[in-house]
Trainee: 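Quick one: the structure is below, questions incoming.
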Amino acid sequence: MYYLVKESIPPIVHSLRWYSFKYGWKGKYPNYDTAKQHCRGYDEGHILNKIKQSTLRVINQEIPYERDGIAYDQVQMNFPLLSVLLYVASKNDNELTLIDFGGSLGTTYYQNIAFLRHLKRLKWCIIEQPAFVEAGKKEFENEHITFYGSIADCMAENKVDLFLICNVLQYLPNPYQLLEEVKQSLIPHVMLDFIAYNDQAGDRMTIQYVPPVFYGIEASYPCNFPDQNQIEDALKVAYKKQYSFISAQEKYYLQLKPFRYEGSFWEI
C-alpha cells in the first residue's frame, strides 16, 4: 500500500521535499561579475575565524573532522580521492607531493592523513587566498603542510606529483584560466573532484545562498555550473582522462533541477 502511494506521487513533489526556496543555487546570470553584484557577500574574517577554530579542534583531537567550519562526529571519507593519493604515491616510491588548490586550512589533509602516515615522504601544498595563507603560515604549517599564494610560488620550491582541485573550480571568476595554468605546469596527475556540471551546453552562472549553519552567518557568492565538455576539452590538450566518478550520492538542486557532484582523474 505504502509503495503504491509513493509511486503515485508526482516527481516534482519528491524534488520539493528537499528543495529550499531560500538557500541553495538560484538564478542565471550572464557572467561572474554580474552575479557578484547581486550577492550579499560574506564576512571573510568571521568565516576564517570559524574555520580556524574548527581546524584547531581537529588538531587537538577534540573532534575527528571538520568541513567549512562544521564539526562532524566521524571523518567523512572521500574514497575516490584516497585511492588516487595512494596510487600516485605508489608510482613514486611511496613519496607524494601535491597541490591542494583552495584547500582551506587543511581539511582534506586531516581527512586522509591516517591512511598516509606510512609514506616515506608527504608534502601537502595548499594554495589559498591571502588571509588563509597568512593564517596557515602562522598557525597551521607542520612537517607536511605548507601554504602558498600561487601555483608559481609552490612550483618554485616543489616537484609536484598531483594537482587536486576539489570543490573550488566553480567558484573562480575564470576557471579556464586555472586549467590553463595546470596544463602549463605539466604536473603528471590531475584530479577534479566535487564539480557540479551544467546539464545543457555552455556554462550557467548562479548565486549560491548558504544557510547560517555553515559559517554562523548567511552568505552568498557566485557559483558557476560549467559545461563538462569545455572543461574536459581544456584538459585534453595535455592530459588523458583515466576515469570519471560520482563524488557523492546525495542529490542537490539547482532551482528544481537535481544534480550530483562529479569528479575525474587525469594523467599526462
Side-chain angles (χ1 to χ4, degrees), residues 20 23-25 41-86 96 98-117 119 122-149 162 164-172 191-196 208-221 223 246-250 252 260-261 263:
S20 169
Y23 301 113
W25 296 263
Y42 61 94
D43 186 335
E44 181 179 310
H46 175 90
I47 292 173
L48 175 56
N49 286 331
K50 193 170 191 300
I51 294 175
K52 283 171 61 176
Q53 293 170 11
S54 60
T55 304
L56 285 171
R57 292 184 68 194
V58 172
I59 294 172
N60 295 329
Q61 299 183 344
E62 298 172 16
I63 57 174
Y65 182 63
E66 73 82 30
R67 186 174 67 234
D68 296 327
I70 295 181
Y72 292 83
D73 57 7
Q74 61 181 1
V75 179
Q76 307 291 302
M77 286 306 302
N78 182 340
F79 290 109
L81 171 59
L82 179 58
S83 67
V84 165
L85 297 175
L86 295 173
L96 176 62
L98 71 137
I99 286 177
D100 182 357
F101 191 90
S104 188
L105 295 176
T107 296
T108 306
Y109 165 81
Y110 293 108
Q111 177 190 51
N112 292 279
I113 185 57
F115 302 95
L116 303 174
R117 295 190 190 278
L119 297 182
L122 175 63
K123 189 74 178 292
W124 199 286
C125 307
I126 295 175
I127 296 178
E128 260 293 356
Q129 301 173 74
F132 278 79
V133 173
E134 182 181 357
K137 285 185 173 296
K138 189 178 297 184
E139 301 180 56
F140 295 96
E141 285 194 343
N142 59 31
E143 70 273 26
H144 298 141
I145 298 178
T146 52
F147 291 85
Y148 298 92
L162 170 67
L164 172 63
I165 309 172
C166 183
N167 200 22
V168 67
L169 195 68
Q170 53 266 47
Y171 298 103
L172 301 177
M191 184 173 184
L192 306 181
D193 200 5
F194 279 87
I195 298 178
Q208 183 176 352
Y209 297 90
V210 182
V213 66
F214 282 90
Y215 303 124
I217 57 175
E218 291 191 351
S220 61
Y221 32 74
C223 180
I246 299 298
S247 301
Q249 292 303 314
E250 293 86 356
Y252 300 89
R260 284 191 173 99
Y261 284 110

Trainee: Tell me, with the steps shown, if Ile99 and Tyr148 meet side-chain contact (heavy atoms from CB on, under 4.5 Å).
Mentor: CA-CA 10 Å; Ile99 286 177; Tyr148 298 92; over 6 Å; no

Trainee: Would you indicate whether the side-chain heavy atoms of Leu116 and Trp124 approach each other to under 4.5 Å?
Mentor: yes

Trainee: Is it the case that atom CD in Glu143 sees more than 12 heavy atoms from other parts of the structure closer than 6.0 Å?
Mentor: yes

Trainee: Give, for atom CG of Leu105 and atom CG of Leu56, the distance between the pair rounded to the nearest 0.5 Å.
Mentor: 8.5 Å

Trainee: Please tell me if the side chains of Arg67 and Gln76 come closer than 4.5 Å, counting only heavy atoms from C-beta onward.
Mentor: yes

Trainee: For Phe194, enumerate each residue passing the ring pair (Phe, Tyr, Trp, His ring centres under 6.0 Å) test, keeping only those at least two apart in sequence or located in another chain.
Mentor: Tyr261

Trainee: Return the OG1 to CD1 distance between Thr107 and Ile126, rounded to the nearest 0.5 Å.
Mentor: 8.0 Å

Trainee: Got a donor-acceptor contact below 3.5 angstrom from the Gln111 side chain to the Tyr65 backbone?
Mentor: no

Trainee: From the options Ile113, Leu85, Ile145, Asn112, select the one residue that forms a side-chain contact (heavy atoms from CB on, under 4.5 Å) with Leu122.
Mentor: Ile113

Trainee: Under 6.0 Å between ring centres: does that hold for Tyr171 and Tyr221?
Mentor: yes

Trainee: How long is the gap from CE on Met191 to CG on Leu81, to the nearest 0.5 Å?
Mentor: 5.0 Å

Trainee: Looking only at heavy atoms, what is the nearest atom pair of Gly263 and Ser247, with distance?
Mentor: N-OG, 3.5 Å

Trainee: Rounded at 0.5 Å granularity, tell me how far CG in Leu96 sits from CG in Leu119.
Mentor: 6.5 Å

Trainee: Taking all heavy atoms of Glu218 and all of Pro212, pick out the closest pair and write down the distance.
Mentor: CG-CD, 3.7 Å

Trainee: Check this for me, if you would: do Glu139 and Lys52 make a salt bridge, where the nitrogen-to-carboxylate-oxygen distance has to be below 4.0 angstrom?
Mentor: yes

Trainee: Search all heavy atoms of Phe101 against all heavy atoms of Val168 and return the closest pair with its distance.
Mentor: O-CG1, 3.5 Å

Trainee: Go through the steps for Phe132 and Phe147 under the test side-chain contact (heavy atoms from CB on, under 4.5 Å), then give the verdict.
Mentor: CA-CA 8 Å; Phe132 278 79; Phe147 291 85; 5.9 Å; no

Trainee: Kindly compute the distance separating NZ (Lys123) from CG (Leu98), expressed to the nearest 0.5 Å.
Mentor: 10.5 Å

Trainee: Roughly how far, to the nearest 0.5 Å, is CG of Asn167 from CG of Leu192?
Mentor: 12.0 Å

Trainee: Give a yes or no on whether the backbone of Pro64 and the side-chain of Gln74 come within a donor-acceptor separation of less than 3.5 Å.
Mentor: no

Trainee: Does Asp100 reach the side chain of Tyr109, with side-chain heavy atoms less than 4.5 Å apart?
Mentor: no

Trainee: Write down the atom of Gly69, the atom of Ser54, and the distance for their closest heavy-atom approach.
Mentor: CA-OG, 3.4 Å

Trainee: Should Asn78 and Leu82 count as side-chain neighbours, where that means a heavy-atom distance under 4.5 Å?
Mentor: no

Trainee: I want to check something: taking the side chain as every heavy atom from C-beta on, are Tyr110 and Thr55 in contact at a cut-off of under 4.5 Å?
Mentor: yes

Trainee: Does the side chain of Ser104 come under 3.5 Å of the side chain of Glu128 through a donor N or O and an acceptor N or O?
Mentor: no

Trainee: If you take all heavy atoms of Asn142 and His144, which pair is closest and at what distance?
Mentor: OD1-N, 2.7 Å

